[in-house]
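Here the structure is laid out as structure tokens; the discussion comes afterwards.
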2 protein chains.
Amino acid sequence: MPTLEDVARRAGVSTATVSKVLSNTPYFSERTRAKVLQAVKEIGYVPNLAARALSSGKTQIIAFVFPYVYDALFADPFVLLILEGIESECHQRGYNLLLSTPRIVSGQPDEHYLQLVQSGYIDGFIALDSVPSASVVEPVFAHGIPSVTIGYHPNTFFVRADDCAGGFQAMDHVLKLGHRRIGVISVNESLHFSISQRLAGLRAAAEAYGLDFDTLPMAEGDFSTASGAACAAELLSRHPDLTALVCLNDRMAIGALQQLHVRAIRVPDQMTVIGYDDIPTAAIIVPPLTTVNQQAFRQGQEAARMLLDILNGRSPQPITLPVELVVRGSSAPVPAPGLTRKGG
Amino acid sequence: MPTLEDVARRAGVSTATVSKVLSNTPYFSERTRAKVLQAVKEIGYVPNLAARALSSGKTQIIAFVFPYVYDALFADPFVLLILEGIESECHQRGYNLLLSTPRIVSGQPDEHYLQLVQSGYIDGFIALDSVPSASVVEPVFAHGIPSVTIGYHPNTFFVRADDCAGGFQAMDHVLKLGHRRIGVISVNESLHFSISQRLAGLRAAAEAYGLDFDTLPMAEGDFSTASGAACAAELLSRHPDLTALVCLNDRMAIGALQQLHVRAIRVPDQMTVIGYDDIPTAAIIVPPLTTVNQQAFRQGQEAARMLLDILNGRSPQPITLPVELVVRGSSAPVPAPGLTRKGG
DNA sequence: GGAAAAAGGTTAAGCGCTTAACTATAGATT
DNA sequence: AATCTATAGTTAAGCGCTTAACCTTTTTCC
């Protein structure tokens, strides 16, 4: 591999000149600049990034990290969309993207990750950090390394979706359709910070309609499709008169749909089902799922922008992105009183 | 950040000693080893990876790359599973994982990617490389950098799923169920190398049953759900007597299911539908999709193992992984002759 | 016309680590 | 006793790049 020195020799200048020309420093004649660039082209010189990193202290690598916990985050299309948003931004700005999925051991990210944080290899971190039991951004923050959090663990810079508004919109939609016997498929609040936000939104909407939220039947799943089906089964046997199920993520909503199909309860005629996330599958299943889109791609993109801004010395503002209810085929007005379940 | 020298000073030894102790070189007394490790712990030393990389020529970073083409690979759960497989192996062996998605400009991966390849930043590449129009592994291979290809672009080391066997199994299953009026939803062979393999498998199975493959109705989509629906519509209007649709990926199969739902054609009673890939959605839709599982996680895992073996001086063998037909609810024996579509 | 400022470039000192080459001592071998 | 070898460490030369400090020539300005 040719080095800076080879280029310098060929162009008949010093290595400093080559280095500065390549990084576009002013005060060089057109002639010199051309000579250098010519030499670079001729010998096919490409800078050695490790050397550049050691010397300049900047690696041009940022990391996207999320803890390896619960029902594999990897299985979550939501994460993929965020990743895509980050990638698109990095690609545009010439940054490289490293992926790390620290395992959590005794409440701490694993050793290898902690080393990575301090290794100087990473200019900045974007962390998907909403699992209350452990923070992956905390060690980064503690070492003063630039970081942006997507989620609710404390950080100066963050990107969040407005989960409270999302919860509100979902519940409001259901109430507007006339439903009052509403089951909620939630997740234990200890699993994800956003859950309490979404629940707060549901509650606010219910109260706006004079409905006591605490009287609504609720079951707790774990985000997975299977748990959604189980929760639906549980709610339906305890409360056969429900006309709507509000689920705090799409995969559980899809599980609920399965369970309803098994029980031959038609959606949306006999039961309205609402999801949350708007994963790609939501649009292509039958019936297509009414859900809350939280702009995952945009979350990733904004987080990357924010981080790169920080790296370039700016001081961006944290962002809370709006969400949007996407009404599809799984929600409908409450069935007419005459329409009983069996007869439907 | 503390450096090797700080550790050396504190432990009262030379930097060489510290370096060698940390990399577990023999010929050091227990006493020295302990002193060094003690000092490391006391001052919280973590090696600077850029320096290590520059000096040793090894960065401990491998890259997973795939071209940014057609119906966003990012949207493909298959890719995600591969990524997960790679990550799990990297994590175990202490490697870091970089993600790169080169854009293809005039038949070549973009400049930034080509620089990355030659930058010395990446110890080895795993490429998802099956798009005939451009190879992302070719420049890597050309520069003599260790690489493993998942797919069909030429490489000394590769991991492949047995697409031909997969095609065979899918078609064989349909034929065994008694179907003979079979529509094929394919993709233009110029979009992906695996397509011709799968088609060859279909053909072989058809011929084993004495069926002329070329007489079967076929439509070409582009892997997307929407295109699957369009292809199904086209095939059904041209050939209303079809009893089975074999689709060369799951998303198109799901599109076909949608279209059948719209036309009130019941699956599997009136129509058998087969997919390919076994993406997570395949298992949770109604009806659950019969499809070919190609072990995406394992492909990623084996590719990573292979690459790390190469980096450690071994010479692994290329692998073609077996595939497995997963029979679910979307396939059934050909309807009895009396059972017409309308009456079904 | 002379001083200051700008333009165009070079020298050389690192960045923090690895490793080849070397020194020195203790025990084993002949 | 002399030689060899294994053990236990040190010295110092890079790896390829950036950049502060410095030098020289040209331009600008009063």
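FYI, side chains are in, hydrogens and waters are out, and symmetry mates aren't considered; it's all heavy atoms of this structure. Computed from a prediction, not measured in an experiment: that's the story for all the values here. Letters A, B, ... are given to chains in the order of the sequence lines, protein chains preceding strands, and every chain is numbered from 1.
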Original post:
For B/Arg31, does the CZ atom have more than 12 heavy-atom neighbours from other residues, nucleotides or ligands under 6.0 Å away?
Top reply: no
Original post:
Under 3.5 Å, is there a donor-acceptor pair between the A/Asp129 and A/Thr149 side chains?
Top reply: no
**OP:** Quickly work out the A/Leu4 CG to D/dT19 P distance and round it to whole Å.
**Re:** 12 Å
Subject >> d(CD, B/Gln118; P, D/dG16) in whole Å >> reply: 15 Å
Original post:
Of all the nucleotides listed (D/dT18, C/dG8, D/dT11), which has the minimum atom distance to the side chain of A/Ser19?
Top reply: D/dT18
Subject >> Distance in angstrom units between B/Arg9 CZ and D/dT10 C1', rounded >> reply: 16 Å
Original post:
So, are A/Glu84 and A/Arg298 salt-bridged, with charged N and O less than 4.0 Å apart?
Top reply: no
**OP:** Take atom CG of A/Leu49 and atom P of D/dC15, then tell me their distance rounded to the nearest Å.
**Re:** 18 Å
Original post:
Separation of B/Gln115 atom CD from D/dC17 atom P, in whole Å?
Top reply: 12 Å
Original post:
Closest to the A/Ala51 side chain: C/dT10, C/dC17, D/dG16?
Top reply: D/dG16
**OP:** Please determine, for the side chain of B/Tyr45, which listed nucleotide (C/dA12, D/dA20, C/dC17) has the closest atom?
**Re:** C/dC17
**OP:** Could you tell me whether the phosphate oxygens of C/dC15, OP1 or OP2, come under 4.0 Å of any side-chain nitrogen or oxygen in B/Thr3?
**Re:** no
**OP:** Specify the separation, in whole Å, of atom NZ of B/Lys20 and atom P of D/dT7.
**Re:** 14 Å
**OP:** Report yes if a side-chain nitrogen or oxygen of A/Ser14 is closer than 4.0 Å to either non-bridging phosphate oxygen (OP1 or OP2) of C/dT10; otherwise report no.
**Re:** yes
**OP:** Would you tell me if any nitrogen or oxygen in the side chain of A/Thr15 comes within less than 4.0 Å of OP1 or OP2 on D/dG16?
**Re:** no
Subject >> A/Ala161 to A/Thr320 - nearest heavy-atom pair and separation >> reply: C-CG2, 4.2 Å
**OP:** Would you check if the side chain of B/His153 reaches a backbone N or O of B/Glu138 as a donor-acceptor pair within less than 3.5 Å?
**Re:** no
Original post:
Mapping B/Arg31 and A/Val18 to their closest nucleotides on DNA chain D, which lands nearer the 5' end?
Top reply: B/Arg31
Original post:
With distance as the sole criterion, do the side chain of B/Lys58 and the base of C/dT18 form a donor-acceptor contact below 3.5 Å?
Top reply: no
Original post:
Out of D/dC15, C/dT10, D/dT7, which has the shortest distance to the side chain of B/Tyr27?
Top reply: D/dT7
Original post:
Between A/Asp6 (side chain) and A/Thr3 (backbone), is there a donor-acceptor pair under 3.5 Å?
Top reply: yes
**OP:** Using a heavy-atom cut-off of under 4.0 Å over every strand shown, decide if B/Thr17 touches base, sugar-phosphate, or nothing.
**Re:** base
**OP:** Send over the distance from B/Arg52 CZ to D/dC17 P, rounded to a whole Å.
**Re:** 21 Å
Original post:
Where the side chain of B/Pro47 is concerned, which of D/dA12, C/dG9, C/dC17 is the nearest nucleotide?
Top reply: C/dC17
Original post:
Looking across every strand, which nucleic acid part, if any, lies under 4.0 Å from A/Ser23 by heavy atom: base, sugar-phosphate, or nothing?
Top reply: nothing
Original post:
Within the structure, does a side-chain N or O atom of B/Ser55 lie under 4.0 Å from either OP1 or OP2 of D/dG14?
Top reply: no
Subject >> Rounded distance in Å - CG (B/Leu54) to P (C/dC17) >> reply: 12 Å
